[in-house]
Amino acid sequence: GAALCRVCGALGPRCCGRCRRAAYCGPEHQELDWRAGHRRLCRQPPDTDDSADAIPERNEFLFPEYEILIEPEEPESPADSTVDPGDEQEAVDTSKDPKEQEELGATGEALQSLDVETLEAMAKCETKEDKIFQMFKEKVAAEPEQIIRYCRGGEGPIWVSGENRPEEKDIPNCSCGAKRIFEFQIMPQLLNHLQVDSLGESIDWGTLVVYTCADNCGGADKYLEEFIWKQDYSVGHT
């Protein structure tokens with residue numbers, strides 16, 4: 001296969017001039033890897049017993065690679081969206097432990113000091129956010145292993161929140177002048193597969209929405225710059 005850069009995993013046309021075994025995408029990553037330890041590993045001869053492990057193909061901090069399977073999304077049936085009132089009542093009753101009751105009491109005292117208009121505005125906002133987040137959770141529950149939702153030019157993305165949604169003016173046109181349209185979104189389930197918790201300072205997102213050129217400009221033999229919108233979870237949801 002093609003040689004890959006030991007630092008970033010991209011194509012590595014450049015190789016170490018001494019060992020000729022370590023590949024890099026450019027001089028910057030070659031210098032970075034040299035300081036990170038390749039200076040010592042490079043001097044080990046290729047015929048030693050541990051030579052296979054001496055120059056690993058990739059660094060440990062690179063994300064694992066998986067095969068992505070493309071399958072059509074199953075249509076949602078009306079029965080999937082119904083909720084048994086008894087189940088809902090049971091969930092409410094079992095969730096009220098003493099600590100939660102104390103927190104609810106403190107919240108109620110704080111709400112009493114607010115005027116009616118403020119309370120009504122807060123209730124409407126919370127209800128709308130809950131519906132949006134609940135719909136997102138239902139989609140995720142139906143396809144728990146789904147990491148990418150693709151629907152170019154058709155149905156829009158599934159948002160995790162009503163906040164921080166882009167308007168048409170927020171999506172810049174392509175460099176060719178054409179508008180960019182929704183093509184696919186990256187789901188938060190991907191974070192589990194990438195094992196980002198082992199990185200110390202974990203990356204996080206609610207969803208990543210990718211917009212691409214509506215005219216599909218450019219050739220197939222090069223990368224094109226597109227636009228991505230990052231939406232985090234609402235402050236009220238964890």
Side-chain angles (χ1 to χ4, degrees), residues 63 66 68-85 87-88 91-92 95 107 111 117-175 178-197 199 201-217 223-238:
F63 293 137
Y66 300 96
I68 299 178
L69 301 179
I70 302 177
E71 297 178 350
E73 197 172 54
E74 294 293 334
E76 182 180 358
S77 61
D80 296 336
S81 59
T82 59
V83 179
D84 188 350
D87 294 340
E88 184 177 358
V92 173
S95 65
T107 303
L111 292 178
E117 294 182 357
T118 302
L119 290 174
E120 290 180 350
M122 290 174 59
K124 291 180 180 179
C125 180
E126 290 179 356
T127 302
K128 181 180 178 182
E129 281 296 309
D130 290 341
K131 288 182 178 179
I132 294 173
F133 188 62
Q134 182 63 31
M135 184 174 65
F136 182 83
K137 289 197 300 183
E138 291 174 357
K139 284 289 185 179
V140 171
E143 299 289 345
E145 297 297 321
Q146 186 182 59
I147 61 171
I148 295 177
R149 297 188 72 256
Y150 181 90
C151 188
R152 176 174 169 82
E155 180 185 355
I158 302 175
W159 299 103
V160 302
S161 170
E163 303 172 357
N164 192 30
R165 289 193 187 186
E167 299 180 3
E168 186 175 354
K169 61 181 179 62
D170 297 322
I171 309 300
N173 291 339
C174 178
S175 57
K179 289 186 176 181
R180 285 192 172 100
I181 60 174
F182 167 68
E183 180 162 349
F184 66 92
Q185 68 181 115
I186 303 175
M187 307 295 284
Q189 295 91 297
L190 180 60
L191 295 168
N192 295 329
H193 295 288
L194 295 181
Q195 304 171 12
V196 293
D197 291 339
L199 296 181
E201 295 183 1
S202 175
I203 58 176
D204 191 23
W205 64 74
T207 185
L208 302 175
V209 185
V210 178
Y211 297 85
T212 61
C213 178
D215 292 344
N216 198 24
C217 69
Y223 291 107
L224 295 176
E225 182 179 349
E226 302 296 357
F227 183 77
I228 187 170
W229 186 274
K230 177 178 180 288
Q231 186 190 46
D232 295 318
Y233 289 102
S234 174
V235 177
H237 298 111
T238 56

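Start at 1 with the first residue, then count along the sequence.
- Of all heavy-atom pairs spanning Ile181 and Ala214, the tightest one is CG2-CB, 4.0 Å.
- Considering Val209, Thr212, Val210 as possible partners of Ile228, the one that fulfils the side-chain contact (heavy atoms from CB on, under 4.5 Å) test is Val210.
- Atom CG of residue Asn216 and atom SG of residue Cys174 lie 9.5 Å apart, to the nearest 0.5 angstrom.
- When the side-chain contact (heavy atoms from CB on, under 4.5 Å) test is applied to Glu167, the partners found at least two apart in sequence or on another chain are Lys169, Asp170.
- By the side-chain contact (heavy atoms from CB on, under 4.5 Å) test, Ile171 pairs with Pro166, Arg180, Tyr211, Phe227, sequence neighbours left out.
- Within the 4.5 Å cutoff, side-chain heavy atoms of Leu191 are placed close to those of Asp204.
- Residues passing the side-chain contact (heavy atoms from CB on, under 4.5 Å) test with Ala178, sequence neighbours excluded: Cys176, Cys213, Asp215.
- Under a 3.5 Å cut-off, the side chain of Asn164 and the backbone N or O of Lys230 do form a donor-acceptor pair.
- The two residues Arg165 and Ser161 have their closest heavy-atom pair at NE-O, 3.2 Å.
- For the pair Ile186 and Trp205, the minimum side-chain heavy-atom distance is below 4.5 Å.
- Taking the side-chain contact (heavy atoms from CB on, under 4.5 Å) definition, one finds that Tyr150 meets it with Arg152, Glu183, Phe184, sequence neighbours left out.
- Between atom CZ of residue Arg149 and atom CD of residue Glu143 there is a gap of 9.5 Å, rounded to the nearest 0.5 Å.
- Under the rule for a side-chain hydrogen bond (donor to acceptor under 3.5 Å, both in side chains), the partners of Gln146 that lie at least two apart in sequence or sit in another chain are Glu73.
- Remark: Trp229 CH2 to Phe182 CZ distance equals 14.5 Å, nearest 0.5 Å.
- Leu208 contributes atom CG, which lies 9.0 Å from atom CD of Gln185 (distance to the nearest 0.5 angstrom).
- Nearest heavy-atom pair across Asp232 and Val160 is O-CG2, 3.5 Å.
- Taking CZ of Phe136 as the reference point, atom OG1 of Thr207 lies at 5.5 Å (rounded to 0.5 Å).
- Annotation: side-chain hydrogen bond (donor to acceptor under 3.5 Å, both in side chains) contacts of Gln231 (sequence neighbours excluded): none.
- We find the CD1-CD1 distance between Ile132 and Ile158 to be 12.5 Å, quoted to the nearest 0.5 Å.
- Crowding of Lys179 atom NZ: a count of heavy atoms from other residues, nucleotides or ligands under 6.0 Å not exceeding 12.
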